[in-house]
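Remarks on the structure that follows.
Atom set for the values below is all heavy atoms of this structure, side chains included, hydrogens, waters and symmetry mates excluded. Note that ligands are numbered from 1 as they come in the structure, with each ligand's atoms numbered from 1 the same way.
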Amino acid sequence: MLFQRYSRSAAALFGFLFCVALAAQAQTQPAKLPNVTILATGGTIAGTGATSTTTVGYTAATVGVGALIQAVPEITKVANVTGEQVFQIASENMGNEHWLTLAKRVNVLLAQANVDGIVITHGTDTLEETAYFLNLVVKSKKPVVVVGSMRPSTALSADGPINLYNAVLLAGSQEAVGRGVLVALNDQIQSARDVTKTNTTTADTFKATELGMLGYIQGGKPYFYRSPTRKHTVETEFDVSSLSVLPQVEIAYAHANVGPVAVEALVASGAKGLVHAGVGNGSLPAKVRPALSAARKKGVIIVRSSRVGQGIVARNGEANDDELDFVAGDNLSPQKARILLMLALTKTTNTKDIQKMFGTY
Ligand code: SIN
């Protein structure tokens, strides 16, 4: 009896000590960190100025990816980070060829089991365009976060380090999986499709003015309140894996007193598609309409967009798209309509199918 009681107490004590040991081990063993690859492309986030107060007139794209990572040691606490220098350019020089290279690299990396997410550091001037392009051609649900900064790395209150930290955190998070390509600056999470640069210099420049941001990054955690509803990434029909060039698509900008010169020149240069950044609801000035109609008759695909920056360009609203065989550009900015039209032209020249794509993506 006595022996039995002792052995039961010993077993209970052993069990208790075992649990304590397990709990202690769980506490000392750090949670498995996600693997995030940073693809650096240049921009102000990698820029340097002459002094700490130089916030204009600095040089973009001078700091390499290794130095960018070293400048924010905090990111190693939230992810296992590796870096690759894909380009080192100011983003006004971003071209279709850069996008193809970047998209292919992203798709290769995301197909690897040991990569959980990707951060792309980028100049802010064309950041929204690269993000939207990737949103349409990345073939993975894993997070891809495009990030930049408005102040160079040498400036007082440089926004690059906190933006990079937040971007890595977001790219390694479960919350960001399946949300399409994201843009993270100024503690805010934006959808690649809807976001645009709204101010030439301020740190809060990236906004989806009408449709709103997706969420915040606060206290080391992403908080999502919305998800994109337009199709993206794995849901799209676009595949750039075998492409080395994209169809030439140009933008013609409307304004008071505009004539046909730009449209005619762009068509003569060999454009396969033209986005018309019309006034108001995508209106076509009388002197431009015949040039656009003639271009369409030559086989050029015309998308009616608007320079206004917000709102839907109504099909058959300010122009008879059915009669002219034009495509209405939905609420995409002219620069994003150009991207969708380029990708559409890799699949079809049928304007009805292209119109559907503008309602889908
Ligand atoms: C750039 O777009 O490369 C320069 C401007 C910036 O990154 O803010």
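Applying the 4.0 Å criterion to heavy atoms of Ala90 picks out, from ligand 1, the atoms 3 (O). Short contacts between ligand 1 and Gly123, defined as distances under 4.0 Å to a heavy atom of the residue, involve ligand atoms 1 (C), 2 (O), 3 (O), 7 (O).
Within 6.0 Å of CD on Gln174 lie no more than 12 heavy atoms contributed by other residues, nucleotides or ligands.
Closest to atom 4 (C) of ligand 1, if we only count protein heavy atoms, is Thr44 OG1, 3.5 Å. At the shortest separation from atom 8 (O) of ligand 1 among protein heavy atoms lies Thr124 OG1, 2.4 Å. Summary of contacts: the protein heavy atom closest to atom 3 (O) of ligand 1 is Ser91 N, 2.6 Å.
The backbone N or O of Gly280 lies less than 3.5 Å from no partner atom in the side chain of Ser283, so there is not a single donor-acceptor pair.
Annotation: cation-pi geometry not satisfied between Arg193 and Tyr361 (NZ/CZ under 6.0 angstrom from ring centroid, within 45° of ring axis). In this structure, Lys356 is not positioned above the aromatic face of Phe358 in the sense of NZ or CZ being under 6.0 Å from the six-membered ring centre and within 45° of the axis.
By the rule that hydrophobic residues join a cluster once side-chain heavy atoms approach within less than 4.5 Å of another member, Val313 and Ile339 end up as members of separate clusters.
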Notebook entry, point to check: Does the side-chain hydrogen bond (donor to acceptor under 3.5 Å, both in side chains) test come out yes or no for Thr62 and Thr48, once each step is laid out?
Noted result: CA-CA 7 Å; Thr62 56; Thr48 44; 2.8 Å; yes
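Taking only nitrogen or oxygen atoms, main chain and side chain alike, His122 does not reach within less than 3.5 Å of ligand 1.
Of the heavy atoms in Ala61, none comes closer than 4.0 Å to ligand 1.
In this structure, Gly42 does not count as a contact residue of ligand 1, since none of its heavy atoms falls inside 4.0 Å of the ligand.
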